[in-house]
Amino acid sequence: MWRVARSAASTFRRTRRLSTAISAPCIVHKRGADILHDPWFNKVLVNLEVPQFVWDRGVVVVVWKFNAILDLPNTGHGFPMTERDRLGLRGLLPPRVISFEQQYDRFMESFRSLEKNTEGQPDSVVSLAKWRILNRLHDRNETLYYRVLIDNIKDFAPIIYTPTVGLVCQNYSGLFRRPRGMYFSAKDKGEMMSMIFNWPSTQVDMIVLTDGSRILGLGDLGVQGIGIPIGKLDMYVAAAGINPQRIYLCLCLTGAPSYAWRGTNNQKLLEDPLYLGLRQPRLEGEEYLSIVDEFVEAVHARWPKAVVQFEDFQAKWAFETLDRYRKKFCMFNDDIQGTAGVALAGLLGTVRAQGRPLTDFANQKIVVVGAGSAGLGVLKMALQAVSRMTGPSADPHFFLLDKNGLITKDRKDIDPAALPFAKAHHEIEGLGLQEGAGLAEVGTNNCYLHLSAFYAFQDNKAGLNVCQVKKVKPHVLLGLSGVGGIFHEEVLRAMKESDSVRPAIFAMSNPTNNAECCPVDAFKLAGEDIVFASGSPFANVDLGNGKIGHVNQANNMYLFPGIGLGALLSGARNISDTMLEAAAECLASYMSDEKSIEESCIHPLTSKFLVLEKLSILATADWFWPYRISSIRDITAEVGAAVLRAAVAEDLAEGHGDVGVRELQHMSKEETIEHVRQNMWYPVYGPLVHE
Ligand SMILES: NC(=O)C1=CN([C@@H]2O[C@H](COP(=O)(O)OP(=O)(O)OC[C@H]3O[C@@H](n4cnc5c(N)ncnc54)[C@H](O)[C@@H]3O)[C@@H](O)[C@H]2O)C=CC1
Ligand SMILES: CC(=O)C(=O)O
Ligand SMILES: [Mg+2]
């Protein structure tokens, strides 16, 4: 409908009340009641309902009651009378017209009432209730849904994205009301090329694909993993302004959740009578790949210019599929590549926060706990950064652990992706370390429906061998293990002995219960001067004496929307390392206008990464990482422009829509950022015209 692009998030907010005055018409091919039932075109605010809860042995039972308690009118109808005549709607709605702004305010009022009514309920119950009310709006009126999401992204991101989305996935079969996305299973082999045409949109720009095999840190959730692409695509709309009519999400499911992988908890899922997936083992080997091949080819046959984001695949398939498709199609793996850029930006920010020159990054001792898709992706990009600073003979001080402890060259059957980070004997003997140091007798790390698992590992004796932290004295301890509480008391206390006066602790695993530690403990046990970041949002910590322990969010949501949007608008044939580096570098040097950082910058930009010298001004405890979710559209515009320009420079761009590659080549940096902004979709009601 309202395909109007605006210049910046701040402008979006300022002009909210004026927006209907400048909206463009939208062609519809429906009339009458069909329009009311289509969330893309509907302008009715549906019944606002208040949930009542029962928390029954770990399962939330939500009973919905009509809104009489809220004392709000039941519905609001945004169709003006002329439009009702034009579209055969007259008489199908009560006579009063309620404006978009009034509907917006009503929804927000009902949301705030929900918050008030649920005070004192368990967090998970309240979060699910919030998700439910948003989801109901999403099901019925996408324009209003995306508008409230964009305008309230700080409050709503934790609901539609991590951590609540994890809880939603765990309970998805029970929460399922209406289909969203497409599902491909082993049963669809040979049919995908025709199935893809069942999708209603003729144009698709962005696709998020998962096989459900590693959902956040929750393990294999099978078909219930669909909640993740839904959340990621909502972030694409909110952060990158991808038009929701041109997104497509799917779950290429190749069998039931595997219960051989990560413990046995998912036996529960398989025995759940509501489970909506296939009850047959996951496919393996060539059989698995042939299904994904067929899907990827079908998608590109119908939408050759769509960008495909692979999400939450278990590590072996994450790496394999990335290698297999990245040169052939415009695709990337968010967990490997998106996470890396965000972590690198945080690591570089930490160097500044430690009051050291940026080139000191090469000397940082970084312990990474978790050698899966995310951990290895981070180290690969960190190695590239060190090599750019010190040359090809770079010898970074990285220590990598997986569930079997420290990875060394003595490791049998070492994962080839981990080999470049495996320590040689001579590198660690002086520290008294050896292969498998820190080997932990870890139990399952799958917290399926187990909401109190946060400190499970405190009781689990080891997890991470504290000796390593004591011996290495790292500057940075970074967790991407998926294991909640693995940075337990002793580990955090040992970080006090770090060689840095301001050590960094990044507990990046999601969702909240799977974070390696929580910020309260980190500040309490490792010291008030630490730099802290987590993958899921946590509140800042009141340290007393007027001091605040600042919690940064290190989540790939700051990067993937810009990677996807930049790749799309450039019309890139594929997504190269250079484009990804440009994204990471842009994020690392992103400055917030609010802080007037740009004006304070005095250093010449002598090398690509030295642009980050600007960050020296940020070297304070609470401002080393200048990202705020409320500026996510601004960040995405800059990241998107950096990716686009890198694609053009590398001759990978083919242009998008009516903007050809020549035009892209002639855009300055500022013009490119403006071009990206202008292409961000923004939700307002526009006139519907029947064709
Ligand atoms: N903050 C962010 O933006 C992102 C966070 N993540 C989170 O990172 C976590 C891991 O994701 P992936 O790497 O894709 O998973 P993965 O399953 O590929 O890797 C997990 C790694 O952790 C290791 N591990 C398990 N238990 C351990 C223990 N007790 N001690 C040391 N290592 C242990 C495993 O051996 C494996 O190497 C998940 O919780 C995910 O939500 C992933 C991507 C982005
Ligand atoms: C953030 C994300 O992509 C993950 O936790 O898997
Ligand atoms: Mg992910």
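Remember, predicted model here, so these are calculated numbers, not experimental data. Just follow the structure's listing: the first ligand is 1, and inside any ligand the first atom is 1. Excluded from the calculations below are hydrogen atoms, water molecules and symmetry mates; all remaining heavy atoms, backbone and side chain alike, are included.
The ligand atoms of ligand 1 that sit less than 4.0 angstrom from a heavy atom of Gly535 are 1 (N). Within ligand 2, counting atoms from 1 as listed, the ones closer than 4.0 Å to a heavy atom of Asp335 are 2 (C), 3 (O), 4 (C), 6 (O). Below 4.0 Å from some heavy atom of Gly217 lie the following atoms of ligand 1, by number and element: 38 (C), 39 (O), 41 (O). Every atom of ligand 1 with a heavy atom of Ala371 under 4.0 Å away is listed here by number and element: 21 (C), 36 (C), 37 (O). For ligand 1, the atoms sitting less than 4.0 Å from at least one non-hydrogen atom of Ala374 are 12 (P), 13 (O), 14 (O), 42 (C), 43 (C), numbered in the order shown with element in parentheses. Within ligand 2, counting atoms from 1 as listed, the ones closer than 4.0 Å to a heavy atom of Glu311 are 3 (O). If you number the atoms of ligand 2 from 1 as listed, the ones under 4.0 Å from a heavy atom of Arg214 come out as 6 (O). Counting the atoms of ligand 1 from 1 in the order shown, those under 4.0 Å from a heavy atom of Gly372 are 13 (O), 16 (P), 18 (O), 19 (O), 21 (C), 36 (C), 37 (O). Listed by number with element, the atoms of ligand 2 under 4.0 Å from a non-hydrogen atom of Lys232 are 1 (C), 2 (C), 3 (O).
Ionic pairing of Lys130 and Asp123 is not present here: no N-O contact between side-chain nitrogen and carboxylate oxygen is shorter than 4.0 angstrom. Salt-bridge formation is detected for the pair Arg411/Asp402: a Lys NZ or Arg NE/NH1/NH2 atom is positioned less than 4.0 Å from an Asp or Glu carboxylate oxygen. A salt bridge does not link Glu320 with Lys316: none of the charged nitrogens is closer than 4.0 Å to a carboxylate oxygen.
When only modelled atom types and interatomic distance are considered, Tyr275 and Gln224 share no side-chain donor-acceptor pair under 3.5 Å. Ser481 and Glu516 share a donor-acceptor pair across their side chains, judged by distance under 3.5 Å alone. Checking Thr339 against Asn556 by side-chain atom types alone, a donor-acceptor pair falls below 3.5 Å. For Glu311 and Thr210, the side-chain atoms include no donor-acceptor pair closer than 3.5 Å. Under the 3.5 Å distance criterion, with hydrogens and angles disregarded, a donor-acceptor pair is assigned to the side chains of Asp211 and Tyr288.
The distance criterion of under 3.5 Å between nitrogen or oxygen atoms is not met by Asp335 with respect to ligand 1. Between Thr339 and ligand 1, no N or O atom pair is found at a separation short of 3.5 Å. Of the N or O atoms in Arg214, one or more lie within a sub-3.5 Å distance of an N or O in ligand 1. Considering backbone and side-chain N/O of Ala554, one or more are found under 3.5 Å from N/O of ligand 1.
Closest N/O/S atom of Glu311 to the Mg ion (ligand 3): OE2. Considering just the N/O/S atoms of Asp335, the one nearest the Mg ion (ligand 3) carries the name OD1. Taking the Mg ion (ligand 3) as reference, the nearest N/O/S atom within Asp312 carries the name OD1.
The proximity of Thr162 to ligand 2, defined as any non-hydrogen pair under 4.0 Å, does not occur for either the backbone or the side chain. The side chain of Tyr161, and not its backbone, has at least one atom closer than 4.0 Å to an atom of ligand 2 (non-hydrogen atoms only; side chain from C-beta on). Counting heavy atoms closer than 4.0 Å to ligand 2, residue Asn556 contributes side-chain atoms (C-beta onward) but none from N, CA, C or O. In Asn555, the part holding a heavy atom less than 4.0 Å from any atom of ligand 2 is the side chain. Contacts between Gln309 and ligand 2 below 4.0 angstrom, taking non-hydrogen atoms only, are absent altogether.
Proximity of Leu216 to ligand 2 is established by a heavy-atom distance of less than 4.0 Å. In this structure, Met557 has no heavy atom closer than 4.0 Å to ligand 2. Within the structure, the closest approach of Val483 to ligand 1 falls below 4.0 Å when heavy atoms are considered. Within the 4.0 Å heavy-atom shell around ligand 2 one does not find Phe313.
Of all protein heavy atoms, the one lying nearest to atom 5 (O) of ligand 2 is Asn510 ND2, 2.8 Å.
Ring planes of Phe532 and Phe538: perpendicular class, angle over 60° (limits at 30 and 60°). In this structure, Phe329 and Tyr325 have tilted ring planes: the angle between them lies in the 30° to 60° band.
The side-chain heavy atoms of Leu347 and Met381, taken from C-beta on, include no pair separated by under 4.5 Å. In this structure the side chain of Asp335 never reaches within 4.5 angstrom of the side chain of Phe310, judged on heavy atoms.
The two residues Pro158 and Ile153 come nearest to each other via the heavy atoms CD-O, 4.3 Å.
Nearest to atom 32 (N) of ligand 1 by heavy atom, out of Val342, Leu376, Asp402, is Asp402. For atom 28 (C) of ligand 1, the nearest non-hydrogen atom from the set Ile228, Val368, Ile486 belongs to Ile486.
Listed for the Tyr161 side chain is no donor-acceptor partner under 3.5 Å among the backbone atoms of Phe156.
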Report task. Starting from the C-alpha separation in whole Å, work towards a yes-or-no answer on salt bridge (charged side-chain N to carboxylate O under 4.0 Å, His left out) for Asp234 and Arg180. Result -> CA-CA 12 Å; Asp234 275 353; Arg180 196 181 292 285; over 6 Å; no
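For Phe313 and Phe319, the ring centers sit 6.0 Å or farther from each other.
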